[in-house]
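A short write-up of the structure that comes next.
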Amino acid sequence: IEKCHFGDSKCLVRSINDFVRNYPKNAAEIGLPTLDAINVKDVSVPEKPNDAPIYLSFYFTNNVYKGFNNATITHVTGFNKNPTKDQIEIQARIPSLVHEATYHMQGRYLLFVANTTDKLLSDYQNLQLTITIKITLEYRNNKRYLKIYELVPKADLDRWIVWMDNLYRENTDLTIALNHIMNEHWVEFWNGVEPTILKNIATCLEGMLSKFFETVSYDDMFLPVEIWNESSDY
Ligand SMILES: *[C@@H]1O[C@H](CO)[C@@H](O)[C@H](O)[C@H]1NC(C)=O
Ligand SMILES: *[C@@H]1O[C@H](CO)[C@@H](O)[C@H](O)[C@H]1NC(C)=O
């Protein structure tokens, strides 16, 4: 893996992409986070007002995200010699981020009332993620380690494909119809759940990056600062 000078954005984009492409298969054994399938804690999508003709309230458990291993980093800023000086921003494109979970749904769709638990499969297609990170420094053995204290993701996507098994257990046609409606009108549904899903993705990314920053010291990620360069505040 190519090491970069502090703050060298172009080099960092190249180097992180190489790293992701050649990500160690035994990552967990050497203390690094896994990239291909990541488990995230339970999440609930807030309930809509009870008198709305359509409301769906969800609780997701057994959350697994797949596809971060196929991410391409498109832009990096920050990672300066003093990493607390400027916020860190990473932009990435993921062709397909798949979210598998168990959903618990209570809702009403016009006259139909539902209260079910089954499998959710969700696919965020061509997801463009922009993550801004604020960090603090920790020192161990005279080396600096990054610690995340705030991570804010922003997302943009081309299409959201979602499928929930057995939304209406007693009526397969209705399950198919409602899944169809959600996919047809995915933008509206996405707008409703985006803040919650983003929080879930943030948790996922924060877990992954925290583990990485905890394992590899900030000073070991970069080329040493040369004496003549020491005064330039990279
Ligand atoms: C990641 O890319 C590989 C190779 O193209 C593909 O087989 C795999 O299904 C992709 N993963 C996801 C979650 O899309
Ligand atoms: C939904 O189902 C669960 C489990 O079957 C039950 O405990 C709960 O009371 C139900 N909620 C409603 C609003 O019917």
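Small disclaimer: the values here were computed from a predicted structure and weren't measured. Counting starts at 1 for both ligands and their atoms, in listed order.
Distance screen at 4.0 Å: atom 5 (O) of ligand 1 has no protein heavy-atom neighbour inside the cut-off. Distance check for atom 14 (O) of ligand 1: a protein heavy atom is found below 4.0 Å. Per-atom contact check: atom 11 (N) of ligand 1 touches the protein, criterion being a heavy-atom distance below 4.0 Å.
Taking the ring axis of Y145 as reference, the NZ or CZ atom of R140 stays within 45° of it and closer than 6.0 Å to the ring centre.
Between L120 and V162 the shortest side-chain heavy-atom distance falls below 4.5 Å. With a 4.5 Å cut-off on side-chain heavy atoms, N179 and M164 count as touching. Annotation: side chain of E138 is not in contact with side chain of E214 (no heavy-atom distance under 4.5 Å).
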### Task
Evaluate side-chain hydrogen bond (donor to acceptor under 3.5 Å, both in side chains) for N69 paired with D36, printing each intermediate quantity in order.
CA-CA 5 Å; N69 52 323; D36 46 354; 5.5 Å; no
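For ligand 1, the polar-atom distance check against K66 finds no nitrogen or oxygen pair separated by under 3.5 Å.
Listed by atom number, the atoms of ligand 1 under 4.0 Å from G67 heavy atoms are 13 (C). Taking every non-hydrogen atom of S96 and a distance limit under 4.0 Å, the qualifying atoms of ligand 1 come out as 13 (C), 14 (O).
H104 has its ring centre no less than 6.0 Å from the ring centre of F60.
Among D123, D36, L97, N70, the residue whose heavy atom lies closest to atom 8 (C) of ligand 1 is N70.
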